[in-house]
Amino acid sequence: MSQIEIRQVTADEHAAWLPLWQAYLRFYNTELPEAVTHSTWQRMLDRNEPTHSALAWLDGKAVGMVNFIYHRSNWSIENSCYLQDLLVVPETRGTGVGRKLIEFVYATAKEDGCCKVHWLTHETNATAIQLYERIAERPGFIQFRKAL
């Protein structure tokens, strides 16, 4: 396999990012208004926003995406990093692309002064959970939420 390259998105990579974003939403049986997708993309390009995105490239093709957000915490002085969205295209799953995307977030968040990276996944996402349990701790918290 060729070398995988992970790098932050640039304005001219929207056409590479969008299909991955849409596949991620489909994976979670979710649809968002086009205005939300547009706003999300714009935020990722704005240096004044805490939202970031990176793509995994293999042989000139985007094969993975990770979106992450820095935020304050009442439990630390430093920001935390929420790894919100992660997707690897099916044909490259199991090749280390997901791990490399997460490690990119670890390194970037550390460089930017964050004290931790955290994320959620659905309990049925068994393949991803196998990776996550090897590279992070599973603290046992259960998420509760209410749409407003």
Side-chain angles (χ1 to χ4, degrees), residues 3-14 16-58 62-89 92-148:
Q3 184 71 19
I4 297 164
E5 180 187 5
I6 312 291
R7 64 176 190 266
Q8 296 246 10
V9 296
T10 61
D12 61 342
E13 294 172 333
H14 184 262
W17 174 85
L18 184 60
L20 296 169
W21 172 246
Q22 291 168 332
Y24 177 80
L25 295 176
R26 279 191 306 276
F27 179 83
Y28 282 109
N29 299 311
T30 300
E31 292 183 27
L32 294 174
E34 191 174 315
V36 173
T37 293
H38 177 76
S39 176
T40 297
W41 177 253
Q42 292 305 311
R43 288 175 182 168
M44 291 176 186
L45 299 176
D46 185 342
R47 291 184 179 265
N48 295 316
E49 289 283 346
T51 304
H52 308 274
S53 183
L55 295 174
W57 295 90
L58 180 63
V63 296
M65 166 204 79
V66 65
N67 303 325
F68 52 104
I69 304 169
Y70 297 159
H71 66 90
R72 301 237 183 256
S73 170
N74 293 332
W75 290 22
S76 65
I77 294 169
E78 304 85 4
N79 280 339
S80 293
C81 176
Y82 178 50
L83 190 161
Q84 187 168 22
D85 315 302
L86 176 70
L87 178 93
V88 174
V89 296
T92 58
R93 289 184 186 148
T95 64
V97 174
R99 176 186 287 264
K100 286 182 181 294
L101 284 163
I102 293 169
E103 289 173 345
F104 178 87
V105 173
Y106 286 170
T108 304
K110 183 176 182 177
E111 183 178 306
D112 290 342
C114 293
C115 64
K116 76 172 182 177
V117 174
H118 62 103
W119 65 93
L120 304 169
T121 195
H122 195 271
E123 62 189 14
T124 61
N125 195 0
T127 302
I129 290 170
Q130 288 178 1
L131 168 63
Y132 301 160
E133 288 181 332
R134 288 194 303 267
I135 63 173
E137 72 178 69
R138 186 175 183 175
F141 286 93
I142 300 171
Q143 179 189 29
F144 293 87
R145 66 180 176 200
K146 178 169 178 47
L148 302 176

Please report the shortest heavy-atom distance between W57 and A16, naming the atom on each side.
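Between these two residues, the closest heavy atoms are CH2-CB, 3.6 Å.
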
Closest non-hydrogen atom pair between Y28 and T30, with its separation:
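Answer, listing the atom of Y28 first, then T30: O-OG1, 2.9 Å.
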
If I take atom [atom1] from residue [X] and atom [atom2] from residue [Y], how far apart are they, to the nearest 0.5 angstrom?
X	Y	atom1	atom2	result
R7	T108	CZ	OG1	13.5 Å
H52	N67	NE2	CG	11.0 Å
K116	C81	NZ	SG	10.5 Å
S80	W75	OG	CH2	10.5 Å
T121	L83	OG1	CG	10.0 Å
L20	F27	CG	CZ	14.0 Å

Would you please test E103 and I6 for side chain to side chain contact (heavy atoms under 4.5 Å, CB included) and show each step?
CA-CA 10 Å; E103 289 173 345; I6 312 291; over 6 Å; no

Students often mix this up, so state it plainly: with edges at 30° and 60°, are the rings of [X] and [Y] parallel, tilted or perpendicular?
X	Y	value
F104	F68	perpendicular
H71	H118	perpendicular
W21	Y24	parallel

Going by atom type alone, with no hydrogens or angles, which donor-acceptor pairs under 3.5 Å involve a side-chain atom of residues 131-148 and a protein atom two or more places apart or on another chain?
from : atom 1 : to   : atom 2 : distance (Å)
E133 : OE2    : R138 : NH1    : 2.6
R134 : NH1    : Q130 : O      : 3.3

Given the rule in the side chain to side chain contact (heavy atoms under 4.5 Å, CB included) test, do V66 and I102 qualify, once you have shown the distances and angles that lead to the verdict?
CA-CA 8 Å; V66 65; I102 293 169; 5.9 Å; no

So does H38 have more than 12 non-hydrogen atoms from other groups sitting under 6.0 Å from NE2?
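Atom NE2 in H38 is not packed in, count stays at 12 or less.
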
Compare all side-chain heavy atoms of [X] with those of [Y] and state whether any distance is below 4.5 angstrom.
X	Y	result
V105	Y82	no
R93	L87	yes
W17	T40	yes
L32	L25	yes

Apply the test side chain to side chain contact (heavy atoms under 4.5 Å, CB included) to residues V97 and L58: give CA-CA distance (whole Å), side-chain angles for both, the deciding distance (0.1 Å), then the verdict.
CA-CA 9 Å; V97 174; L58 180 63; 5.9 Å; no

For a side chain to side chain donor-acceptor pair (under 3.5 Å) with Y70, tell me which candidate from N79, T51, D112 qualifies.
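The residue from N79, T51, D112 that satisfies side chain to side chain donor-acceptor pair (under 3.5 Å) with Y70 turns out to be D112.
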
Please assess E78 against C114 for the test side chain to side chain contact (heavy atoms under 4.5 Å, CB included), listing each intermediate value before the final yes or no.
CA-CA 5 Å; E78 304 85 4; C114 293; 5.8 Å; no

